[in-house]
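All remarks here apply to the structure that follows.
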Amino acid sequence: MKNISKDDFVSGFVPHHNHGSVDYTSMSDGHVHQCLDITSPPIQSEEGGHYHFTEGYVLFEDGHNHYYKAYSGPAIPVGNGMHVHYYDFYTTEANHHRHHVKGVDQPAPGTK
C-alpha cells in the first residue's frame with residue numbers, strides 16, 4: 001500500500017491511521033483540564049466500520065490530574081475523503097470530582 005499523508009484524500013478504509021484531538025473537560029470543582037489525545041490505530045467493527053481506543057491523563061491543573069479510558073464512536077465521513085469520530089467519556093475521580101469530555105477528533109484520511 002502506498003504511503004498516505006495527512007493531506008491525502010482517500011475513499012474507503014485506511015488500515016493504519018489514528019486521530020489527534022485537543023479539547024477541554026467540563027468545569028467541575030471550579031476548574032477545567034486540557035485533554036490532548038492521540039488514538040490507537042483503527043479497530044474494525046462487526047458492522048464493517050471502525051472505531052478507536054484511547055487512554056491517558058488530562059493535563060495537571062488545580063493540584064491534580066485525572067485518567068481516562070474511552071472508545072470513539074464509528075467513523076463519520078466529513079467530505080473530501082476524510083472522516084472524524086465522536087467521543088463522550090468521563091475521567092476518573094480525583095479530589096472528590098470527575099470531568100466530562102466530549103467532542104470530535106481531528107479528520108483523518110478515509111471515508112469508512
Side-chain angles (χ1 to χ4, degrees):
M1 177 176 207
K2 85 173 200 146
N3 287 336
I4 297 172
S5 78
K6 68 178 181 62
D7 298 319
D8 290 326
F9 302 124
V10 180
S11 180
F13 175 69
V14 175
H16 302 290
H17 75 276
N18 56 13
H19 297 262
S21 66
V22 177
D23 216 330
Y24 285 91
T25 67
S26 63
M27 183 177 288
S28 185
D29 199 35
H31 67 277
V32 299
H33 297 264
Q34 192 173 35
C35 186
L36 307 172
D37 189 63
I38 298 175
T39 68
S40 71
I43 301 165
Q44 291 195 280
S45 66
E46 291 181 12
E47 297 80 28
H50 77 279
Y51 56 95
H52 296 268
F53 173 74
T54 188
E55 66 180 317
Y57 289 90
V58 297
L59 269 61
F60 187 81
E61 182 66 47
D62 196 39
H64 68 280
N65 60 13
H66 301 267
Y67 181 72
Y68 61 89
K69 284 185 177 184
Y71 289 94
S72 74
I76 303 167
V78 292
N80 292 329
M82 304 290 270
H83 74 281
V84 297
H85 296 266
Y86 180 72
Y87 52 88
D88 187 341
F89 60 88
Y90 285 89
T91 66
T92 57
E93 189 172 306
N95 287 4
H96 308 291
H97 71 279
R98 65 185 184 155
H99 296 269
H100 190 198
V101 181
K102 64 180 178 176
V104 176
D105 54 23
Q106 294 295 307
T111 56
K112 295 183 179 182

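Since we're looking at a predicted model, the values are computed, not measured.
- The two residues Pro42 and Pro15 have their closest heavy-atom pair at CG-O, 3.0 Å.
- In plain terms, the two heavy atoms of Tyr51 and Gly73 that are nearest each other are CB-O, 3.8 Å.
- To the nearest 0.5 Å, the span separating CG on Asp29 from NE2 on His96 amounts to 9.0 Å.
- Using the six-membered ring where Trp is involved, His64 and His99 have ring planes that are parallel, under 30° apart on the 30 and 60° scheme.
- Residues His17 and Pro41 have side chains not in contact (no heavy-atom distance under 4.5 Å, counting atoms from C-beta outward).
- Formation of a donor-acceptor pair under 3.5 Å by the Asp105 side chain with backbone atoms of His85 is found in this model.
- The aromatic rings of His66 and His31 sit parallel, their planes meeting at an angle under 30°, below the 60° perpendicular limit.
- If you take NE2 on His100 and OG1 on Thr91, they are separated by 10.0 Å, rounding to the nearest 0.5 Å.
- Here the straight-line distance linking atom NZ of Lys102 with atom SG of Cys35 works out to 14.5 Å at 0.5 Å rounding.
- Proximity of Met82 to Gln106: side-chain heavy atoms (C-beta onward) are nowhere separated by under 4.5 Å.
- Hydrophobic clustering keeps Val101 apart from Leu36 (ILVMFWY residues linked when any side-chain heavy atoms are closer than 4.5 Å, directly or through intermediates).
- Separation of atoms OH (Tyr57) and OG1 (Thr92) is listed at 7.5 Å; rounding is to 0.5 Å.
- Considering all non-hydrogen atoms of both residues, Ala108 and Asn18 come closest at CB-O, 3.9 Å.
- Side-chain contact of Tyr87 with Asp37: a donor-acceptor pair under 3.5 Å is absent, judged by distance alone.
- Within a 6.0 Å sphere centred on CZ of Phe60, heavy atoms belonging to other residues, nucleotides or ligands number more than 12.
- Atom OH in Tyr71 sits 8.0 Å away from atom OG in Ser40 (nearest 0.5 Å).
- Atom OH of residue Tyr90 and atom OG1 of residue Thr25 lie 11.5 Å apart, to the nearest 0.5 angstrom.
- Put simply, the residue from Lys112, His83, Gln44 that forms a side-chain hydrogen bond (donor to acceptor under 3.5 Å, both in side chains) with His50 is His83.
- Residues Ser28 and Arg98 have side chains not in contact (no heavy-atom distance under 4.5 Å, counting atoms from C-beta outward).
- Within a 6.0 Å radius of CD1 in Ile43, more than 12 heavy atoms belonging to other residues, nucleotides or ligands are found.
- Side chain of Thr111 to main chain of Gly12: a donor-acceptor pair is present (N/O by atom type, distance under 3.5 Å, no hydrogens or angles).
- Taking the six-membered ring where tryptophan is involved, the planes of His97 and His33 are essentially parallel, since the angle between them stays under 30° and well short of 60°.
- Within a 6.0 Å radius of CZ in Phe53, more than 12 heavy atoms belonging to other residues, nucleotides or ligands are found.
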Q | Residue pair Glu61, Val32: steps toward the side chain to side chain contact (heavy atoms under 4.5 Å, CB included) verdict | A | CA-CA 8 Å; Glu61 182 66 47; Val32 299; over 6 Å; no
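- With Thr39 contributing its side chain and His19 its backbone, the two residues share a donor-acceptor pair below 3.5 Å.
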